[in-house]
2 protein chains.
Amino acid sequence: MRVRLEDVARATGVSPKTVSRVLNEEPSVKDSTRKKVLAAMEQMNYRPSPAARGLAGSRSFLIAMLYDNNENPASTYLAEIQDGVLDACDAHRYSMMVSPLRLRGHDPIRRIDALVADHHIDGVIMTPPLTDHAPLLRRLQEHGVPYACISPLHRDEAIGVCMDEQQAAKAVVQHLVELGHKRIGHIVGIANHGASRWRLQGYKDALAAAGLAFDPKLVVQGEFTFGSGVMAARGLFELAKRPTAIFAANDDMAAGVMWAANERGLKVPRDLSVCGFDDTPLATQLWPPLTTVRQPSREMGKLATLQLMDKLRGRGTGLLLQVPYTLQLRESTAKPA
Amino acid sequence: MRVRLEDVARATGVSPKTVSRVLNEEPSVKDSTRKKVLAAMEQMNYRPSPAARGLAGSRSFLIAMLYDNNENPASTYLAEIQDGVLDACDAHRYSMMVSPLRLRGHDPIRRIDALVADHHIDGVIMTPPLTDHAPLLRRLQEHGVPYACISPLHRDEAIGVCMDEQQAAKAVVQHLVELGHKRIGHIVGIANHGASRWRLQGYKDALAAAGLAFDPKLVVQGEFTFGSGVMAARGLFELAKRPTAIFAANDDMAAGVMWAANERGLKVPRDLSVCGFDDTPLATQLWPPLTTVRQPSREMGKLATLQLMDKLRGRGTGLLLQVPYTLQLRESTAKPA
DNA sequence: TCGCCAATTGACAGCGCTGTCATTTCTGGC
DNA sequence: GCCAGAAATGACAGCGCTGTCAATTGGCGA
């Protein structure tokens, strides 16, 4: 029937416990023994039973990816991260559970408790904005469940991955400045999201660096959705002195800006330059294609997971890795008329 | 420490086995006993250990959602389905694993084998185009693992969920006909995908019903991607007699058509009507908003999962459920000039 | 060569549940 | 009121692995 650890032990002439030691990469096994066992495992195509390991031992080889199902950053973003997490899990024989959390209404703490109680989760991958939900993090700590964050707001304590979003935002806006724009609008994302803050700050930095005055009227609150981008853009278009360029804090809102521009008969980029952030598939599906910042989400998911696994093995070197951004200059930005 | 089945048994004054029976909804338990046990479970906040259940019993309470990572229909589609599957899992205390399969290159059969061997998967949710990957289905059957399909090509044997895509496609095209269009182009999806066939057939049906001749030159092969939509549209624009409307087999390609129209200076819908299929978020993020068919993907994911669970409990009534489509008439279609 | 300590290995119980089969408790029919 | 057979319950082993702690082995200085 199924090849069990005991079978491998018998084949190798050692005790089951020793095979178990090899399986778990414990150091106290003589090298020659280890090799023999590994060879037998390979040869017999042995596959440990996660259920048995979970029941007997303290680890479950399961990690959960938590995300917010209400306020989520575009679903393509999460899908990419998920792919990255899966890549890393595959490589380390871990499994992943996806666990959508509805912050509004439902009680996320109970969800965490259930995850821990039911599945003995070994660790958690947190995506924004959950990365900064203090009660959640505290609860995880109480349970002793390690977690890695993707783009957390508070960067000091967390382990995980981030990108220098502030610098990236500064770079896109500088691109607009270099094209000759003087009145540059900005649409902010959901308040308190790290992404919103960093991108706004980068916008300010670029203005400052260029010696342009910061005008609060040019900054409008959005909430990362297409619709909010439309609304925000309409507001900006009503200004006595319309901006000649708009930097939206993500691609969805940038798409909204382009929609509103169309609605008002403004031609992009002739009458208005637009840029976004994230480089979702949407960016190249708009007309004209959107200038934006590429964020390597899949890679980030993978790296965060690897960080988590390092921590699970106690090998944790790391705090917060930083991945590089890439400017994607496309046709939605041009010199002002 | 942890509340165990045994604790519940002691509290209720019955044997552990009886509690187990209640837990597994076995019929041979007296009603009064069942109520007592359930009350105690509730009161003690008992949570069965999936690991122990999996190890001792034959079920793992785990289902896998399989999808093709290369040729996937837009990621938002899969994300929606996944959400639906999770909804259903939650409701029935099942867990879900996501398992991307790279059909090209990697060997999907091995992946299935691994899933079964490692995790004792109870069942599988199949998404297109995997629903029609014969070797895969055969392997699942050999393993005795039940599966439910979402929009399978071969509808006879499969259990799962589908939509009358042919009828839906016919309806959108009829909408174009009613607007007065005579030359209607169609961009087909990846060959052999059910979605491609049904939508093409619906297109033909509508033409026939309207007494319009079918012109093969108006039908161009695409592959469900934005880029292929652009290419296909360019081809159609080169025709001596350009179509006045184009029905793309999905929204991404329709977006491509609109892109290509922009590129060529054609104004939608004045010079060209465009419609798509799926009603992804993209549809309302384009300018003008896209006329399309809404497919309730999330609902379909949920229903397919419920079907699967029915089957797992042997209560399987069902073959293929059919969910209704909805026409989303928006501004990308209008009377021909 | 002997003893001692560290390095390696093994014996054994038990993780929390379910399958199997035995046992007890009800039914209803006579 | 008694018995056959169905309904309901229980006893017990064991799923495949790991934690604990004991036993063995090997290396080295005295």
Side-chain angles (χ1 to χ4, degrees), chain A residues 1-38 40-41 44-62 93 95 116-120 122 312-313, chain B residues 1-38 40-41 44-62 93-95 116-120 122 312-314:
Chain A
M1 184 26 232
R2 180 193 178 94
V3 182
R4 290 158 311 145
L5 184 143
E6 191 193 338
D7 303 323
V8 176
R10 198 162 14 224
T12 328
V14 299
S15 76
K17 180 66 213 187
T18 297
V19 178
S20 166
R21 288 193 176 97
V22 173
L23 190 61
N24 292 291
E25 302 180 27
E26 287 174 26
S28 67
V29 178
K30 215 202 302 181
D31 220 48
S32 58
T33 314
R34 179 191 315 284
K35 285 210 183 84
K36 262 194 311 185
V37 173
L38 284 174
M41 282 180 173
M44 305 172 76
N45 190 29
Y46 167 70
R47 332 218 42 159
S49 148
R53 299 229 271 173
L55 183 56
S58 44
R59 292 174 303 165
S60 64
F61 301 91
L62 248 183
R93 291 182 160 278
S95 299
V116 174
D118 292 352
H119 298 281
H120 281 299
D122 280 349
L312 292 181
R313 306 183 180 187
Chain B
M1 195 13 240
R2 180 194 177 94
V3 182
R4 289 156 311 144
L5 184 143
E6 192 193 336
D7 302 324
V8 176
R10 197 162 13 224
T12 327
V14 299
S15 76
K17 180 67 212 186
T18 297
V19 179
S20 167
R21 287 193 177 96
V22 173
L23 190 60
N24 293 291
E25 300 179 29
E26 287 174 27
S28 65
V29 178
K30 215 201 307 181
D31 220 50
S32 59
T33 314
R34 181 192 314 285
K35 285 210 184 82
K36 261 195 309 183
V37 172
L38 284 174
M41 282 180 172
M44 305 173 75
N45 189 27
Y46 167 69
R47 332 219 41 161
S49 147
R53 298 230 272 172
L55 182 57
S58 44
R59 293 174 304 165
S60 64
F61 300 91
L62 247 184
R93 291 182 160 279
Y94 266 78
S95 298
V116 174
D118 291 353
H119 299 280
H120 281 299
D122 280 348
L312 291 182
R313 307 182 181 186

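Naming convention: chains lettered A, B, ... in sequence-line order (proteins, then strands); numbering from 1 in each chain.
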Atom pair OG/CD of A:Ser15 and A:Glu6 - distance to nearest 0.5 Å:
11.0 Å
Phosphate OP1/OP2 of C:dG10: any A:Ser15 side-chain N/O under 4.0 Å
yes
For the OG1 atom of B:Thr12 and the CE atom of B:Met41, what is their distance to the nearest 0.5 Å?
8.0 Å
Quick one: the side chain of B:Arg21 and the base of D:dG10, do they pair up donor-acceptor inside 3.5 Å?
yes
Picking from C:dT18, D:dG19, C:dG10, which would you name as closest to the side chain of A:Glu26?
D:dG19
Nearest-Å distance for atom pair OH/P, residues B:Tyr46 and C:dG16
10 Å
Mind calculating the distance between CD (A:Glu6) and P (D:dG14) to the nearest angstrom?
12 Å
Is B:Ser58 close enough to C:dG19 that one of its side-chain N or O atoms is under 4.0 Å from OP1 or OP2 there?
yes
B:Leu55 has an atom CG; how far is it from atom P of C:dG16, in whole Å?
12 Å
Taking only side-chain nitrogens and oxygens of B:Thr33, does any of them come within less than 4.0 Å of OP1 or OP2 of D:dT9?
yes
DNA chain D: stems of at least 3 consecutive Watson-Crick or G-U pairs, cut-off 3.5 Å?
C:1-30 with D:1-30
Scanning both residues in full, the closest heavy-atom pair of A:Leu23 with A:Pro48 reads CD2-CB, 3.7 Å
Of the nucleotides D:dG16, D:dG14, D:dG10, which one has an atom closest to the side chain of B:Ala56?
D:dG14
Find the distance between CG (B:Leu5) and CZ (B:Arg47) and round it off to the nearest 0.5 Å.
14.5 Å
Please check the phosphate of C:dT9 (OP1 and OP2 only) for any side-chain N or O of A:Thr18 closer than 4.0 Å.
no
Counting only side-chain heavy atoms from C-beta out, which of D:dG16, D:dT9, C:dC17 sits nearest to B:Ser28?
D:dT9
In whole angstroms, how far is the C1' atom of D:dT9 from the CZ atom of B:Arg34?
13 Å
Closest approach of A:Ala51 and B:Gly54, non-hydrogen atoms and distance?
CB-C, 4.4 Å
Give the rounded distance in Å between these two atoms: CZ of A:Arg59 and C1' of D:dC17.
12 Å
Rounded off to whole Å, could you give me the CZ-to-C1' distance for the A:Arg2 and D:dC15 pair?
10 Å
Protein-nucleotide distance (A:Lys30, atom NZ; C:dA6, atom C1'), rounded to Å:
14 Å
If you assign A:Val29 and A:Ala52 each to the DNA chain C nucleotide with the nearest heavy atom, which residue ends up on the more 5' nucleotide?
A:Val29
Working to the nearest 0.5 angstrom, can you tell me the gap between B:Met44 CE and B:Asp7 CG?
5.0 Å
On the six-membered ring of A:Phe61, is A:Arg53 placed so that its NZ or CZ lies under 6.0 angstrom from the centre and within 45° of the ring axis?
yes
Distance in angstrom units between A:Asp31 CG and C:dA7 C1', rounded:
13 Å
Classify the nucleic acid contact of B:Lys17 as base, sugar-phosphate or nothing, counting any heavy atom under 4.0 Å across all strands shown.
base
Over all strands shown, is B:Pro48 touching base, sugar-phosphate only, or nothing at heavy-atom distances under 4.0 angstrom?
sugar-phosphate
How about A:Ser95 and B:His119: does a side-chain donor come under 3.5 Å of a side-chain acceptor?
yes
